[in-house]
Amino acid sequence: MHTAVLTDRERAAVQAYLRLLHTVRASFDGPPGSLRPPVIPPSVLAEAEQALDEAGLTGNEEKFFHLVRSWHTGP
């Protein structure tokens with residue numbers, strides 16, 4: 001399997017996205033039937049947005065998700 005060689009900023013963007021993804025998943029893992037809406041800390045979303053911007057990936061989702069798929073092979 002071919003893996004991408006990411007720049008430091010691209011790697012930071014992928015890692016921030018994965019943290020955001022894990023946070024979102026965890027927020028939905030509450031008890032079944034819970035009436036509490038999921039809560040995502042604004043700082044987690046802001047970190048991901050800033051990292052995407054700094055890597056020059058804002059608005060280029062196709063390239064970004066290609067980097068995610070080629071770099072992160074876990075669940």
Side-chain angles (χ1 to χ4, degrees):
M1 169 183 238
H2 174 64
T3 57
V5 177
L6 278 60
T7 67
D8 289 342
R9 289 183 176 181
E10 289 171 338
R11 186 177 305 103
V14 170
Q15 289 172 332
Y17 166 75
L18 293 173
R19 279 191 291 277
L20 174 62
L21 181 63
H22 293 297
T23 301
V24 169
R25 284 182 177 165
S27 71
F28 282 101
D29 281 346
S34 174
L35 298 177
R36 222 178 94 196
V39 176
I40 309 301
S43 61
V44 176
L45 184 55
E47 176 196 19
E49 288 177 346
Q50 181 179 354
L52 283 171
D53 189 45
E54 289 175 0
L57 295 167
T58 300
N60 194 345
E61 291 82 6
E62 183 177 345
K63 181 179 178 185
F64 174 70
F65 284 110
H66 172 74
L67 292 173
V68 171
R69 282 190 304 274
S70 63
W71 188 74
H72 180 69
T73 58

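Please read these numbers as outputs of a predicted model, since none were measured by experiment.
- Counting heavy atoms from C-beta on, the side chains of V39 and S27 never come closer than 4.5 Å.
- By the 4.5 Å heavy-atom criterion applied to side chains, F64 and T58 are not counted as neighbours.
- A distance of 6.0 Å separates CG of L67 from CG of L57, quoted to the nearest 0.5 Å.
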Derivation and outcome, side-chain contact (heavy atoms from CB on, under 4.5 Å), residues I40 and L20: CA-CA 8 Å; I40 309 301; L20 174 62; 4.0 Å; yes
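- Within the structure, the ring-ring contact (aromatic ring centres under 6.0 Å, His included) test picks out no pair touching residues 27-56 (sequence neighbours left out).
- Follow the hydrophobic side-chain contacts under 4.5 Å out from L18 and you never reach L45; the two are in separate clusters.
- The line from CG of N60 to CG of L52 is 10.0 Å long, rounded to the nearest 0.5 Å.
- Taken from NE2 in H22 to CG in D29, the straight-line distance is 12.0 Å, to the nearest 0.5 Å.
- Closest of all the heavy-atom pairs between A51 and A12 is CB-O, 3.9 Å.
- With sequence neighbours excluded, the residues that form a side-chain contact (heavy atoms from CB on, under 4.5 Å) with R11 are L6, D8, Q15, W71.
- Hydrophobic clustering (side-chain heavy atoms under 4.5 Å, transitive across Ile, Leu, Val, Met, Phe, Trp, Tyr) keeps V44 apart from L21.
- Within the structure, salt bridge (charged side-chain N to carboxylate O under 4.0 Å, His left out) pairs that include any residue of residues 40-62 comprise R19-E47 (at least two apart or interchain).
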